[in-house]
Amino acid sequence: MDHLCFDTTKIDKIQDLRERGITVYPYKFERTDTVREIKERFADIGHDKSPDAVSTAGRVYVVRQHGKTIFADIGDADGRIQLYIRKNDLGEESFNLFRQYIDAGDIIGVAGHVFRTKMGEITIWVDRFELLTKSVCPLPEKFHGLKNVETRYRQRYVDLIMNEESRGIFRTRSRIISHLRQFLFERGYLEFETPTLQPIYGGANARPFTTYHNFLDQRLYLRIAPELYLKRLVVGGFEKVFEIAKNFRNEDIDTNHNPEFSMVEIYEAYQDYNDMMDLTEEVIVHLAGEVCGTTTLSFAGHELDITRPWHRLTMEEAVQEYAGISVRDHSIDELRTFAGEHGVRGFEDITTQGEFLALFFEHFGEKNLIQPTFIYDFPIEISPLAKKHRESEGLTERFELFIAGMEMANGFSELNDPLDQKARLEEQDARRRRGDLEAQMIDYDFICALGYGMPPTGGVGIGIDRLVMLLTGKDSIKEVLLFPQMKTALPGPDEDADEE
RNA sequence: GGGCCUGUAGCUUAGUCGGCAGAGCGACGGACUCUUAAUCCGUAGGCCAAGGGUUCAAAUCCCUUCAGGCCCGCCA
């Protein structure tokens, strides 16, 4: 009936404890030191008990009973420590209470003195203990821990309890985001929050999630990007802005994609895409230094050298190098033949050189870009929000960053010509009406904003999840997302499954 | 959408040329006052992911479904 993990013998213990007048879920515990503080403070302790008393708290991981003595290991947010508990010290009643009712998984507070055992381990010689939380679910095995990938993702809390490595990844994730904010604050950028629920989605080519607001009686979309709102802020006079945004895209799930993911988007007035490439390089190298302390990263079997400056290739150069063809010098028919001969798929509907350039880059180039590489000067057809190239016809001032074959960042000299933007979005909208599910809508208010005048602006978006993957060496996005999207487990036979 | 792989006790798993479903840890009971994967003695715990089929006999072979992982496609 229920899908809970509750263990009846543990629930019985709660009953017993209550009958003995013990508060099973008390409200507060005064701890003088964390585990780490104790280990640092008493690093040189000998076999005699410290004169100073300490109190600390944590989850019980292992209990080793030895008759009138008990050893137990407890762990808090950043460490584990051993407890030494003797019947002589606690008295019969308290000692038996521990012996009978404290299990691995429970959370307790202890008070005592610190000493080093004969085996050399810093240990708390416990004078008294207090049950702080009784766990009613069995902990996974102490030695092998929790390995099952599906359970680790579905019940991340158990993963975090059991696997220090997993806890480390998310600690690192938190630090990356914190250092990122600090980096940007120190350079004078302001952080803003823009709408997640949007009447018109834009800023990227992707299928949205659709929802509905009852009071407004109106369809809304979960944002696929914050871009168009952040540019409105630049119009409004904020010259250096950023947002760390959750984006939502209704696409497939794989090793590099989760339907909701985090991105930092940064915009700066009076800058262009060259400046944004510099900024991207600088911020990633800075974060690697803060978090990994190095400029050499190992990822999926590759040694990545992120020392600046990074490679920069135009898309045409990349296609020339990896596909061996100069798109500019061939007719559409020739390009079509080339695509067919090289097993490139999806070229049937393509009618322009620019689209072929992008297609060939994706097919031949992307996966080869292991060391950090900026690809720049993208075709205009696939870049509706990027400014036309100052010299080259048919191209835009847009770049993407690739590391280990992953797209890590995307930026441009932002299109700020309102008439051009209107024409480009109208073209997108026409495609959408022709059935391109990922083409953009026309956001007339955004075009209106540009109409008031946006200064020349550079912008970039950096995928935070992939950046965390890179800096933690994890080649699956699910390993760096606390709660990756999973298919809901089927309801039990007693529940109503159908509701159509 | 295509391919490969996985699903056995709370956890980690053995068993898959078809022949009674095993272990370690954990739980429960007992012994033990410096152990640390503590040790020792004992007990309980399984619809072998679900459903169907082949067979005298299925965890094992076949089909379908569910969930997950990896690769490819798709996603610019």
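Reminder, nothing fancy here: chain letters follow the sequence lines and each chain counts from 1. It should be emphasised that the depicted structure is a prediction, and the values quoted were computed from it without experimental measurement.
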From [options], nucleotide with atom closest to [X] side chain:
X: Thr255(A); options: rU35(B), rG10(B), rC70(B); answer: rC70(B)
X: Thr123(A); options: rU35(B), rU33(B), rA37(B); answer: rU35(B)
X: Asp252(A); options: rG73(B), rC34(B), rC11(B); answer: rG73(B)
X: Lys13(A); options: rA27(B), rU36(B), rA37(B); answer: rA27(B)

Counter-base of [N], judged by Watson-Crick or G-U geometry with both distances under 3.5 Å:
N: rC48(B); value: none
N: rC25(B); value: rG10(B)
N: rC4(B); value: rG69(B)
N: rU54(B); value: none
N: rG18(B); value: none
N: rU39(B); value: rA31(B)

Check: Heavy atoms under 4.0 Å, any strand shown: does Lys478(A) hit a base, just sugar-phosphate, or nothing?
Finding: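 Touches sugar-phosphate only.
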Notebook entry, point to check: How are the rings of Phe338(A) and Phe364(A) set relative to one another: parallel (under 30°), tilted (30 to 60°) or perpendicular (over 60°)?
Noted result: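 Phe338(A) vs Phe364(A) ring planes: tilted.
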Checklist line | Check: rU35(B) base within 3.5 Å donor-acceptor of Gln82(A) side chain | finding: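 Side chain to base: pair present.
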Check: Would you say the side-chain atoms of Arg18(A) pair up with the backbone N or O of Val24(A), donor to acceptor, closer than 3.5 Å?
Finding: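 It does not hold such a pair.
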Check: Does the Arg86(A) side chain pair with the main chain of Val126(A), one donor and one acceptor, at a distance under 3.5 Å?
Finding: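 Checking the backbone N and O of Val126(A) against the side chain of Arg86(A), no donor-acceptor pair under 3.5 Å is found.
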Next item on the list: With P as the reference atom in both, quote the distance from rC5(B) to rG42(B) in angstrom, rounded to an integer.
Entry: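 Straight-line distance between the two P atoms is 43 Å.
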Quick one: is [X] getting a side-chain N or O under 4.0 Å of the [N] phosphate, OP1 or OP2?
X: Thr69(A); N: rU35(B); value: no
X: Arg345(A); N: rC74(B); value: no
X: Thr117(A); N: rU36(B); value: no

Note to self: Among Phe374(A), Tyr376(A), Phe361(A), which residue satisfies the ring pair (Phe, Tyr, Trp, His ring centres under 6.0 Å) criterion with Phe402(A)?
What the structure shows: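 Single ring pair (Phe, Tyr, Trp, His ring centres under 6.0 Å) partner of Phe402(A) among Phe374(A), Tyr376(A), Phe361(A): Phe361(A).
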Nucleotide N/O to protein N/O under 3.5 Å, stretch nucleotides 12-16 of chain B:
| residue | atom | partner | partner atom | Å |
| --- | --- | --- | --- | --- |
| rU12(B) | OP1 | Lys147(A) | N | 2.9 |
| rU12(B) | OP1 | Asn148(A) | N | 2.8 |

Check: Any luck finding a side-chain donor-acceptor pair between Asp7(A) and Thr9(A) under 3.5 Å?
Finding: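 There is such a pair (donor and acceptor under 3.5 Å, judged by atom type) between the side chains of Asp7(A) and Thr9(A).
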Notebook entry, point to check: With ring centroids as reference points, do Tyr273(A) and Phe378(A) lie under 6.0 angstrom apart?
Noted result: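 They do not qualify: ring centres at least 6.0 Å apart.
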